[in-house]
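All heavy atoms count here, side chains included; hydrogens, waters and symmetry mates do not. Naming: A, B, ... by sequence-line order, numbering from 1 per chain. Predicted, not measured: the structure shown is a model, and the values here were computed from it.
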Protein chains: 2
Amino acid sequence: MTPPPATSDAVAIELNAVLVALTADQPQVLTLDDGALLPSGPFATEYPTLQSGVRAWVERQTNHPLGYVEQLYTFADRNRPASHGRQRVVSISYLGLTRERLSAGARDPEWRSWYRYFPWEDWRTGPSPLIAQSILPQLAKWGVADGDPASRRERQQRIEMTFGDGLENWNEDLVLQRYELLYEAGLVPEAKARVTDPVPGMPMRHDHRRILATGIARLRAKIKYRPVFFELMPPEFTLLQLQRAVEALAGRPMHKQNFRRLIDLQGLVEPTGASTSEARGRPAKLFRFRREVVLERALAGTKLPLSRPN
Amino acid sequence: MTPPPATSDAVAIELNAVLVALTADQPQVLTLDDGALLPSGPFATEYPTLQSGVRAWVERQTNHPLGYVEQLYTFADRNRPASHGRQRVVSISYLGLTRERLSAGARDPEWRSWYRYFPWEDWRTGPSPLIAQSILPQLAKWGVADGDPASRRERQQRIEMTFGDGLENWNEDLVLQRYELLYEAGLVPEAKARVTDPVPGMPMRHDHRRILATGIARLRAKIKYRPVFFELMPPEFTLLQLQRAVEALAGRPMHKQNFRRLIDLQGLVEPTGASTSEARGRPAKLFRFRREVVLERALAGTKLPLSRPN
DNA sequence: ATAATTAATGCTCCTGTTGAGCATAATGAG
DNA sequence: CTCATTATGCTCAACAGGAGCATTAATTAT
C-alpha cells in the first residue's frame with residue numbers, strides 16, 4: 001500500500017448546484033440558459049470549507065438564504081464533456097433547499113418544474129401514462145436487442161425493477177437508475193448525437209440532467225426519514241399545503257387522513273391558532289413547524305406514509 | 001448567476017479508502033502506519049472514472065477483489081492538515097467492502113477492528129460501559145461550560161440525542177455525529193494539541209478517524225435497506241454466522257429467531273444442503289446467497305430487525 | 001451410557017404501524 | 001337552503017416486529 005500521498009496532477013474544481021424550491025405545488029429547480037444548465041461555477045478558494053463556499057456562492061447569486069445544503073456526488077470522469085483541453089475537471093455537486101423562489105420573470109436564472117425534465121416521474125395523478133405509452137415499448141425493443149441471452153435477461157430485469165409494469169411496483173426513489181437506464185438504452189438526447197425517437201422530457205447539456213436526477217433521488221429518499229421538507233415551506237401553512245409539498249417531491253399521492261395522522265403523531269407541527277379560508281371548503285387551521293422537534297427529528301428520523309416500495 | 005464555469009485554482013486530488021472486511025466476528029478496517037492512517041494516495045488520472053480508479057488502486061495494492069465501492073464524501077477544507085504548502089487538497093473518500101482479509105501478519109497494511117477506534121460504538125454485549133463511566137461525565141462538564149444558556153441547552157440536547165443516557169435510546173447510525181461531538185468537546189486527541197483526559201479509543205492522524213466514522217455510519221445505515229453484507233460473507237455460511245456479521249457491523253445484538261425469520265422471509269438465502277458442526281451444539285445448515293434476489297434487493301430494499309431508533 | 005450443555009429451529013403472542021374508508025363538521029357558491 | 005368542497009375525527013383489518021416458549025440434534029461432562 002502506498003504511503004500517504006504526495007501531490008497528483010492538477011485539476012480544476014467545479015461546483016454544481018441542484019437548488020430546489022416549491023411553488024404552486026410544483027418542485028422547482030433553478031436553471032440557466034433557457035433551462036439547459038444547472039447553476040455551476042468554479043470553486044472559490046477563499047472559503048474555508050466546500051460547504052461554506054457553496055452556500056456563499058449560491059446566496060450571493062440568488063439573494064436568498066439556503067435552508068439546507070447537502071453534498072450530492074463528486075464526478076471526475078474523463079469523458080465529462082466539460083473538460084477543457086487537457087485539464088481534468090472534478091465536479092462536486094450539491095443539493096440545496098430554499099424557501100422561496102427568487103425574482104420571477106422569465107429571465108435567465110429561471111425556476112422550472114423538475115417534471116419538465118423527468119415527466120415520467122410524476123405519479124401524483126396516478127401512473128404516468130408516458131411509461132406505458134412511450135417508454136416501455138421502446139425499452140422493450142432495447143431489451144431484446146442483444147445477442148447474449150444472459151444480457152437480455154439482465155436488461156429485462158432492470159426494466160422491470162426500475163419501471164415496473166407501468167402501473168404497479170413503482171418505487172419513486174429510483175430516479176437516477178431510471179435515467180441511467182434510458183441513457184444506456186439510447187432513448188435520451190444526451191446519450192448520443194442522433195436519437196431517433198427520444199422519450200419525452202427536456203434534455204440538459206453536459207451531464208446536468210444526470211446530476212438533477214441524483215438530486216431528486218436523494219431528496220425523495222431523504223424526506224422519508226428526515227423532515228427536510230420543512231426547509232421548503234413558508235412559516236405558516238395548512239396541512240393540505242404540507243401534503244401537497246411532500247407529494248410534489250415524492251411524485252405520488254398520499255392518503256390525506258393518514259398523512260395528517262403521521263404528522264401530528266410525530267409532533268412536527270403546532271397550530272398557530274389562525275386559520276385560512278383561501279379555498280371553498282371548510283377553513284383549514286394554520287400550522288408552523290416546532291423547531292425543537294424538527295431539530296430532534298433531524299437526527300432521530302421522521303416517517304411519511306410513502307412505504308409502498310414493493 | 002455566473003455562466004458556465006471557467007477554470008479555478010489548481011488543486012491536488014487525494015483518495016482515501018475505508019476498506020472493510022469481517023474476520024472473527026469483528027468488523028475490520030485496513031490501516032497503515034501502525035493503525036494511524038487509512039490507505040490513501042493520489043488520484044491516478046489514467047482511469048476513466050473515479051470509481052474505476054479507486055477500484056484498480058485498491059485491488060492492485062491488496063490483491064483482493066473489491067466487492068462493493070461507494071463514494072463517501074469529498075472534503076476540501078482549508079484547515080485540512082494534509083494541505084501541502086499553498087496547494088489545496090481535495091480528498092475524496094470511498095467505502096469499499098471486500099470478502100476476505102489479505103495477507104495476515106502484523107506488517108504494515110494491517111486490518112484492525114474498527115472498535116479499537118470507536119470502542120463506545122460496540123453495544124453487542126449491551127450498553128457500552130465506557131459511555132456511562134467515561135464519556136457522559138466528561139461531556140456533562142463540557143455541556144455546562146458555556147456562558148450562554150441557549151448554547152448550554154443546545155449542548156445538552158446534542159449529548160442526549162447522540163449518546164442518550166448511556167443505556168436507552170441508542171441509535172447506532174449516529175457514529176459520525178458522536179465523533180464530531182467528542183471532537184468539539186475536545187475529548188479526542190485529534191481536536192487539539194493537549195487533551196487532558198481523552199476518551200478511550202485510538203486516534204488517527206489527519207482527519208482519518210473522521211473519515212472512518214463516516215464510513216461506519218454509512219455502512220450501518222446501508223445494511224438496513226440494502227443487503228450489502230453479502231459482499232462480506234464467504235460463499236457458504238450458517239445463519240448464525242450471518243447474524244454475527246450483521247451484529248458486528250451494527251454494533252448491536254439481534255434477536256436470533258427474528259433475524260432468521262426476516263432473512264428467509266425475504267428469500268435472500270438458500271440452503272446448500274450441507275451442514276456444519278464446528279461448535280458444540282446441533283449442527284447448522286449451510287446457506288448461500290441467492291444472487292437473483294440479492295441483486296433485486298439491491299434496488300428494492302431489505303429489512304433487518306434493527307429498528308429501535310427511539 | 002446418561003445427563004447437562006449448547007445451538008438450531010419452529011411457533012405463538014402481543015403490540016404498534018399502516019393502508020383504506022366512513023362519517024361529520026364547517027365554509028362559500030348558486 | 002342545498003350542494004360542493006375541504007377539514008378532521010374515528011374505526012378496522014392486515015401486517016410487521018419484538019419477545020419468549022418449546023423442541024430437536026449435536027457435543028461434553030459424569
Side-chain angles (χ1 to χ4, degrees), chain A residues 25 123 126 168-170 172 224-225 236-247 250 252-287 300-310, chain B residues 25 123 126 168-170 172 223-225 236-247 250 252-287 297 300-310:
Chain A
D25 291 344
W123 283 49
E168 305 281 322
N169 298 336
W170 179 254
E172 67 275 3
K224 285 180 200 146
Y225 61 100
E236 302 194 345
F237 48 84
T238 69
L239 291 182
L240 186 59
Q241 284 165 357
L242 182 59
Q243 181 181 342
R244 296 286 177 243
V246 176
E247 288 174 336
R252 261 181 185 278
M254 301 200 299
H255 184 101
K256 196 182 205 171
Q257 295 93 322
N258 292 344
F259 179 82
R260 307 162 87 90
R261 173 171 61 186
L262 272 195
I263 293 295
D264 83 29
L265 224 23
Q266 299 178 88
L268 282 180
V269 299
E270 62 191 0
T272 67
S275 58
T276 348
S277 52
E278 303 263 320
R280 282 130 286 218
R282 168 173 170 175
K285 280 192 244 172
L286 283 172
F287 292 84
T302 319
K303 287 172 189 170
L304 285 179
L306 270 176
S307 34
R308 282 152 297 176
N310 248 346
Chain B
D25 290 343
W123 283 49
E168 306 281 321
N169 298 336
W170 180 254
E172 66 275 2
I223 54 173
K224 286 181 199 146
Y225 60 100
E236 301 194 346
F237 47 85
T238 70
L239 290 183
L240 186 58
Q241 284 164 358
L242 183 59
Q243 181 181 342
R244 295 287 176 242
V246 176
E247 288 174 335
R252 260 181 186 277
M254 299 199 300
H255 184 102
K256 196 182 205 170
Q257 296 92 323
N258 292 344
F259 179 82
R260 306 162 88 90
R261 173 172 61 185
L262 272 194
I263 293 296
D264 83 27
L265 222 24
Q266 299 177 88
L268 283 180
V269 300
E270 62 192 1
T272 66
S275 58
T276 349
S277 53
E278 303 264 321
R280 282 132 284 221
R282 168 173 171 177
K285 279 191 243 172
L286 284 172
F287 292 84
R297 293 292 167 173
T302 320
K303 286 171 190 170
L304 285 178
L306 269 177
S307 34
R308 282 151 298 176
N310 249 345

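- Atom-to-atom, CG of A/L286 to P of D/dA7 comes out at 11 Å; the value is rounded to the nearest Å.
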Could you pull out the protein-nucleic contacts involving nucleotides 23-25 of chain D (nitrogen or oxygen on both sides, under 3.5 Å)?
{"residue": "D/dT24", "atom": "O2", "partner": "B/R282", "partner atom": "NH1", "Å": "2.7"}

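- Computed from coordinates, the A/I263 CD1 to C/dT18 C1' distance equals 14 Å when rounded to whole Å.
- Listed by chain and number, the residues in a salt bridge (Lys or Arg N to Asp or Glu O under 4.0 Å) with B/E270 are B/R288, B/R290 (sequence neighbours excluded).
- Scanning all heavy atoms of the two residues, the minimum distance from B/T272 to B/F287 falls at CG2-C, 3.7 Å.
- Of the inter-residue distances, the one linking A/D264 atom CG with A/L239 atom CG reads 8.0 Å to the nearest 0.5 angstrom.
- Interatomic distance, B/N258 CG to B/L265 CG, rounded to the nearest 0.5 Å: 11.0 Å.
- Between the C1' atom of D/dT6 and the CZ atom of A/R244 lies a distance of 10 Å, rounded to the nearest Å.
- Taking A/Q241 as the reference, nothing meets the side-chain hydrogen bond (donor to acceptor under 3.5 Å, both in side chains) condition, with sequence neighbours excluded.
- For B/Q243, the side-chain hydrogen bond (donor to acceptor under 3.5 Å, both in side chains) partners two or more places apart in sequence, or in a different chain, are B/E247.
- Annotation: the span from A/M254 atom CE to A/R244 atom CZ amounts to 9.0 Å, rounded to 0.5 Å.
- Counting heavy atoms from C-beta on, the side chains of A/K224 and A/E172 come closer than 4.5 Å.
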Listed pairs, N/O of protein and of nucleotides 11-14 of chain C, under 3.5 Å:
none

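- Every residue was checked against the salt bridge (Lys or Arg N to Asp or Glu O under 4.0 Å) condition with A/R260, not counting sequence neighbours, and none meets it.
- Rounded to whole Å, atom P of C/dT6 lies 21 Å from atom CG of B/L239.
- Side-chain atoms of B/H255 stay outside donor-acceptor range of the base of D/dG17, with no qualifying N/O pair under 3.5 Å.
- We find that NZ of A/K256 is positioned 15 Å from P of C/dG21, with the value rounded to whole Å.
- In this structure, the CD atom of A/Q266 is 17 Å from the P atom of C/dG16, given to the nearest Å.
- The nearest whole Å value for the distance from the CZ atom in A/R260 to the P atom in C/dA23 is 19 Å.
- B/L262 has its CG atom 13 Å from the C1' atom of D/dC15, to the nearest Å.
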